[in-house]
> 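Got a structure here, written out as structure tokens. Questions coming.
Every chain is numbered from 1 and lettered A, B, ... according to where its sequence line falls, protein lines coming before strand lines.
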Amino acid sequence: MNLFENISNSWSKYEINIELAYLLLIFTVSILTIYFSTKEKKILILSILSFTVATLSNLIGIYIVNTIFKIEIFEIFKMIPLITYILILSNLGTLIGYYISKRNSKGFKISSVRKEYYSDTIKQTIFLLLLGSSTLLFLSVQTEVVVSISILSTVIAVWSTYAISKYILK
Amino acid sequence: MKVPKIKLKKINLSSFFKYILSVLISSLILALVLISLPLTERVTSSATYDLITKKDYYWSKEYKLQLDTSQSIRIESDIDKVKSILQKRLRKIGVEESSLNLSKEGDTNFLELTVQTSKDIDVVDSLIKTPFLVNIVTRKADIDFDNPEDVIAPYLLENYDLTPFTRSSFRNVYITQLKNSNNEYSYFALFKTWPWGNEWKTFLEDNAGQTVGVALDEFVTPVQIPTDQSLFAVPVSSTEEKYAQAISILYNSGQMPISYTAVDEKELNIDIAEIDYIKLTEGILVAVVLIYLYLLIINKTPKDTLLLSGISTVITISTWIAYLKISETPTDIFILALEVITVVAIIRLIAENLESKMIITVLLSLISSISILMGSGYIKIFAYDLLILIILSNISLYIGKYYLDNVRKSLKL
């Protein structure tokens, strides 16, 4: 059951609409929650960029796996965006949590968030890569691919967010 | 004689109870870890618990549906609607994997529907094979429905006139249990109209006290409209809850624009991302221990944070697996693997940034809730479990912190 083949040939309008609405709703609700909890446009922009990079990385990852590694795309691959968004939101959550707890402190500068975010991101990256690589030996090929694409997409997205934050969080 | 005074040393009850509680929590954690580990049920013969995998519940079939497009004006649009309704039905029952392919032989269109699921085969069969075209019909004047020599007359569509009312004329069809004429509970379908549905009101008024019919495909169920026109309740043929649920799905997934017939079906081999549960548990255990040891050695994270994170992870994962084992819940092992990996990463991040606990919990709970409502197949299963695991990991973090503080105080560390 190749997912790409399914989408192009067999998905009905209902299925395409509901899948798009689902991903869009996750994005919108997450972004709105982030904005209403921080009231900070800079963090909102960073979050949107983070989601965009993660989604693009997911698509590229699935495409590479399908075309270069010739691995068939199954229904289980639909979980990649969900796992990636969960990991991305956990990462952004640390940034937001730090911002909320410190924003009313004396002498608080938004640039200090970036420093804290760097420390959290490096720790999350090490942990995710260790966790991903150590569990790969025990998983089936499809599950391995899902874990690998999700973790790599998360790592790419969080580091892109960190790199872009240099220009936004100042 | 002077009675000697016995001096009682003041006992700090609070510390004593905290100490007892710490011992109890230690025992509980140990018990949960032992239950969650694979094959530990062999330690004692008094308990029979092992993780039940869903592997044996899966089945796969390919159905070939011949579409009747002879009356169709917009064939493509009608076929897309048939596909949408079939997908809606399968989504509602929770089928894990499905795919649809359109093919053409001469002028005849066929839909090849492949499913792979752990759901009840009879229920899925009925959801796929039944077009379930709903029409409200009235009796033809020239037919004798009370003729004892023609007992099937009330059930044949040819004996009825079609009315403009189809499933699309109603807002919702609600399946519920009501008392029947024998004073016993059985399932009925209650047709709910749109608030502006005056035509239906007029129809009920015009036919009050008379028998009309609800045609489901070619079969008619006679329904007597009460004189007060209070309720339009159609008896449901099934008495079992699972079939009543299937009928509710059939009624509420939309009206098929065209009919079809299931012309062929064949069983397929199941193809799931199966993992050896024992290897997986051992692997994850070894991985988590090694990662925490590595983090301890590189000394980048405070030991207290690592300890809290580690103990909370152990409590969360072992409680979850122990629950799955004790409740004998059939589990997809590859989904369990993804859940464990995700939760281990989340707990690690929350334990390191306790100030972010609230926002991370809120965001992840929202995402899980949306996925439960809008997701399908494996996503729904994963999201439902994840929501429970998020709550569990928050409780574990509280227990872990309380436990570590108490142990530290008790051991005067």
> Out of A:D120, A:L87, A:L128, which one racks up the most heavy-atom pairs below 4.5 Å with chain B?
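Going by pairs under 4.5 Å, I would pick A:D120.
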> When the side chains of residues 362-374 of chain B are checked against the rest of the protein, which donor-acceptor pairs come out under 3.5 Å, sequence neighbours left out?
{"from": "B:S365", "atom 1": "OG", "to": "B:T361", "atom 2": "O", "distance (Å)": "2.6"}
{"from": "B:S368", "atom 1": "OG", "to": "B:L364", "atom 2": "O", "distance (Å)": "2.8"}
{"from": "B:S369", "atom 1": "OG", "to": "B:S365", "atom 2": "O", "distance (Å)": "2.7"}
{"from": "B:S371", "atom 1": "OG", "to": "A:Y22", "atom 2": "OH", "distance (Å)": "2.7"}
{"from": "B:S371", "atom 1": "OG", "to": "B:I367", "atom 2": "O", "distance (Å)": "2.8"}

> Of all the residues in residues 386-393 of chain B, which have a heavy atom that comes within less than 4.5 Å of a heavy atom in chain A?
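Within residues 386-393 of chain B, the residues that come under 4.5 Å of chain A (heavy atoms only) are B:L386.
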> Which atoms form the tightest heavy-atom contact between A:Y98 and B:S356, and what is the distance?
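Taking every non-hydrogen atom into account, N-OG, 4.0 Å.
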> Identify all side-chain donor-acceptor contacts of residues 150-164 of chain A below 3.5 Å with residues at least two apart in sequence or on another chain.
{"from": "A:S150", "atom 1": "OG", "to": "A:V146", "atom 2": "O", "distance (Å)": "2.6"}
{"from": "A:S153", "atom 1": "OG", "to": "A:N58", "atom 2": "ND2", "distance (Å)": "2.9"}
{"from": "A:S153", "atom 1": "OG", "to": "A:I149", "atom 2": "O", "distance (Å)": "2.7"}
{"from": "A:T154", "atom 1": "OG1", "to": "A:S150", "atom 2": "O", "distance (Å)": "2.6"}
{"from": "A:W159", "atom 1": "NE1", "to": "A:T125", "atom 2": "OG1", "distance (Å)": "2.9"}
{"from": "A:S160", "atom 1": "OG", "to": "A:I156", "atom 2": "O", "distance (Å)": "2.6"}
{"from": "A:T161", "atom 1": "OG1", "to": "A:S50", "atom 2": "OG", "distance (Å)": "3.0"}
{"from": "A:T161", "atom 1": "OG1", "to": "A:A157", "atom 2": "O", "distance (Å)": "2.6"}

> Checking an interface table here. Which of residues 36-47 of chain A come within a heavy-atom distance under 4.5 Å of chain B?
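Against chain B, the residues of residues 36-47 of chain A that fall inside the cut-off (heavy atoms, under 4.5 Å) are A:S37.
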> So what's closer than 4.5 Å to chain B heavy atoms on A:S101: side chain, backbone, both or neither?
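Only the side chain of A:S101 comes within 4.5 Å of chain B.
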> Drop me the distance from A:I76's CD1 to B:F382's CZ, to the nearest 0.5 angstrom.
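Spacing of CD1 (A:I76) from CZ (B:F382) equals 10.0 Å.
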> Which atoms of A:I83 come close to chain B, meaning under 4.5 Å heavy atom to heavy atom: side chain ones, backbone ones, both, or neither?
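Side chain only.
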> B:Y378 vs B:Y58 aromatic rings, parallel, tilted or perpendicular, using cut-offs 30° and 60°?
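It falls in the tilted class, 30° to 60°.
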> Have A:R114 and A:S165 got a donor and an acceptor in their side chains that come within less than 3.5 Å?
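Note: A:R114 and A:S165 side chains meet the donor-acceptor criterion.
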> Please confirm whether A:K102 makes a cation-pi placement over A:F108, using NZ or CZ under 6.0 Å from the six-membered ring centre and within 45° of the ring normal.
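Judged by the rule, A:K102 and A:F108 form no cation-pi pair.
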